[in-house]
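Notes for the one structure printed next.
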Amino acid sequence: MNKKLTYFSTIKFLSKYIKAYKINYFLFGIGWFFDIVLKLYTPIMFAVMIDEIVYYRNISVFLRISVAFAIMLLFACIVHFFTQAQYAYLEIMYSFDIKKDIFHKLQYAKADYLSYLETGDAMNTLQYYTSECMNFVIRNIIHTFNNFLALVFYIINIFIIGWQFGILMLIGVPISVYTTTKFGKKIRKCNDEYNKVYGKYSGWLLERLSGLKDIRMISAQNAVGKEFVGFHRQLFHRKNQNRVITISSQSVTKTINLIIQMAIYCLCAYLACRGKMTIGVLTIVLTYFVNVTEKVTFFSDYFIEAQKRIASIQKVYDLFHVPTEKEWKGKDSLKVSKGSIQFDHISFGYENKKELFHDFSLEIEGGQTVALVGKSGSGKTTLAYMLTGFYQQKKGKIIIDGKDISECSLKSIRESIGIVQQDVLVFDGSIKDNLLLGKKGASDEEIKEACEKAGLGEFIQSLSQGINTVIGTNGIGLSGGQMQRIAIARIYLKNPKIIIFDEATSALDRETEAYIHESWKKVLAGRTSIVIAHRISSVMLCEKTVLMEDGVLYEYGNTMELVQNSKTMRTLFAIS
């Protein structure tokens, strides 16, 4: 489990990205430092101007200070523009670097982790929570440091003017800090709970919006509507808790500041009545008190903001530390010639679940077509995907052509194995773009040949733009059979020695399935093939069949013989 971030560990986590833009951050910090200096000396200049006019009638000094003040304002405008330009650049680049690294992590995350990943949570982290990293750096590191310096300068100058004022202003600081810290912990807890619920809600909403037609078809609108209201009630409850705690913290801080303000007013009145304070000095004291109050309120508000942001940054941190396939140790290149496969006494289980395979063994000869059959949850898909390195066994070996795949790189393993799934990956683009996923740089002739063998030739010829015809996201405009043929054409282009068909025709009608099977026969020739199927028609295309039950090899033999003689096989496929 990843550690829980604190204020300082968050700074440490984000520091490597700060280093990448250290010059820009330095210039940004310098710009705000100049802004603080200007705010520090502006009241002093006003005080001098007032005293020179009221007490000394010195117009020339007043005018000189006015000119200097105007120059300072002009300089402040230039500094402000320069600072905001740095901020605009950092806001884009800093967040982009974090998003890029997170996306890279997700691309290489282990399959067992991805099976538990909330899609909505990942999207929120990538799109929204990464921006909170930038806000934390600017507002909770740079602004906090600069405002701390400003507070120190104000306090020092107040003590120079009068130690009584300094003590009064210092009284409120530790009380405000203590109050803010206590409330901040509660806010952090509320935000952790809010982000957890919001992540689930985002994933739920994404699924429901993509299935609006199905929801309507089964008349489930009311049930889904109640779930929607339920999520928002949870979110409202946690957000309301957050606001109550924030308002309570701000109210305590304001009350403390008000009491101190009244004490300072009384002290100023006393000194003014005794002639120990000029109007100019009074202006400085009151202005500095307002500024000190703002800084104390700033630290209170920003500490609470920081707790909210840390709860969001925690999501980013957790994604940065997901287990990835980079942990795979194999480096050799897998060279497949025959395509023989051996599962040698393997053991495997998903996290926090009982072992699915224990001491499991199976041998598949090169060039054979083998069906994996069994009830849902018997381990068919897991076994096939272990062959590609998506899941790694805890014990035993998986051997291809005499080579332990744990010694080989994942890239070489997956280049040697092709997979056709039930849900075909189809991007928003042309047919050609989608086919090139199988082989980058394939020529038009190669693509045309692959389409012909996959049974797509006639369909593509009927399109006005041929293979350059654009298809919608998730294959909008294509039938299930056409998408399956696209997947088969990709396999032709990839030309692997081993092919896995994972429930590839289970969603198709019988007639379309028959056409797809014709394409299969061409692609299966001379290759080792594993067919995961729930339909007897797909199983009958295979020479041998493995019957699995709860991760155990129940029966293995000639397909025709099993169909005729195996009671379990006949029951599974309802063969009379």
Side-chain angles (χ1 to χ4, degrees), residues 1-11 13-14 91 94-95 98-99 102-103 105-106 113-114 116-141 143-144 179-210 224-253 297-322:
M1 183 177 178
N2 294 327
K3 70 176 182 180
K4 194 173 183 67
L5 290 176
T6 63
Y7 193 96
F8 293 104
S9 61
T10 303
I11 295 174
F13 168 57
L14 298 175
E91 186 178 30
Y94 186 86
S95 299
I98 296 176
K99 287 179 180 179
I102 290 177
F103 189 72
K105 282 282 184 179
L106 289 174
Y113 170 81
L114 290 175
Y116 295 105
L117 180 67
E118 293 278 354
T119 305
D121 209 17
M123 287 179 63
N124 288 333
T125 303
L126 190 60
Q127 293 299 104
Y128 173 68
Y129 298 146
T130 49
S131 299
E132 289 297 283
C133 295
M134 173 63 182
N135 291 332
F136 185 89
V137 171
I138 295 296
R139 297 169 71 86
N140 300 112
I141 299 179
H143 282 350
T144 298
T179 303
T180 302
T181 303
K182 295 294 288 183
F183 281 106
K185 291 178 180 178
K186 294 181 180 179
I187 287 173
R188 171 69 186 278
K189 184 179 178 180
C190 285
N191 271 276
D192 283 339
E193 293 174 354
Y194 178 87
N195 289 337
K196 186 177 180 180
V197 175
Y198 190 77
K200 290 182 179 178
Y201 166 69
S202 297
W204 174 90
L205 185 62
L206 188 67
E207 289 177 351
R208 297 308 180 272
L209 289 176
S210 62
V224 172
K226 287 179 181 178
E227 289 180 353
F228 180 82
V229 172
F231 269 116
H232 276 272
R233 279 178 178 166
Q234 293 182 61
L235 293 172
F236 172 78
H237 174 67
R238 284 160 176 78
K239 185 172 282 189
N240 192 51
Q241 273 186 321
N242 203 321
R243 285 174 178 170
V244 169
I245 296 170
T246 301
I247 292 170
S248 300
S249 175
Q250 291 172 344
S251 298
V252 171
T253 303
T297 304
F298 165 87
F299 287 120
S300 174
D301 293 344
Y302 271 44
F303 182 79
I304 289 172
E305 279 187 17
Q307 296 308 306
K308 295 178 183 178
R309 291 196 179 101
I310 291 171
S312 299
I313 296 169
Q314 182 75 53
K315 297 283 188 179
V316 177
Y317 178 85
D318 290 344
L319 278 187
F320 263 87
H321 293 83
V322 302

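Remark: S9 OG to Q314 CD distance equals 8.0 Å, nearest 0.5 Å. Distance check, rounded to the nearest 0.5 Å: NZ of K99 to CD of Q127 gives 5.0 Å. Put simply, CG on N140 and CD1 on I11 are 8.5 Å apart, with the number rounded to the nearest 0.5 Å. Distance check, rounded to the nearest 0.5 Å: CG of L5 to OG of S312 gives 11.0 Å. With rounding to the nearest 0.5 Å, the separation of CG in L319 from OG1 in T125 is 5.0 Å. C133 SG to I98 CD1: the interatomic distance, rounded to the nearest 0.5 Å, is 4.0 Å.
No more than 12 heavy atoms of other residues, nucleotides or ligands lie within 6.0 Å of CZ in F103, so this atom counts as exposed by the packing criterion.
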Check: Can Y317 and T10 be said to form a side chain to side chain contact (heavy atoms under 4.5 Å, CB included), step by step?
Finding: CA-CA 9 Å; Y317 178 85; T10 303; over 6 Å; no
Check: Hey, mind stepping through E132 and N135 against side chain to side chain contact (heavy atoms under 4.5 Å, CB included) and telling me if it holds?
Finding: CA-CA 5 Å; E132 289 297 283; N135 291 332; 3.0 Å; yes
Next item on the list: Give the intermediate values and the outcome of side chain to side chain contact (heavy atoms under 4.5 Å, CB included) for residues V316 and F13.
Entry: CA-CA 10 Å; V316 177; F13 168 57; 4.2 Å; yes
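Between F136 and Y7, the ring-plane angle classifies as tilted under the 30° and 60° cut-offs. Between Y201 and F231, the ring planes lie tilted relative to each other; the angle falls in the 30° to 60° range.
Here the side chains of H321 and K105 are not in contact, with every heavy-atom distance at 4.5 Å or above.
Nearest heavy atoms, S131 versus S95: CA-OG, 3.9 Å.
E91 pairs by the salt bridge (Lys or Arg N to Asp or Glu O under 4.0 Å) definition with nothing, not counting sequence neighbours.
The closest donor-acceptor contact from the side chain of H232 to the backbone of F228 lies at 3.5 Å or more, if one exists at all.
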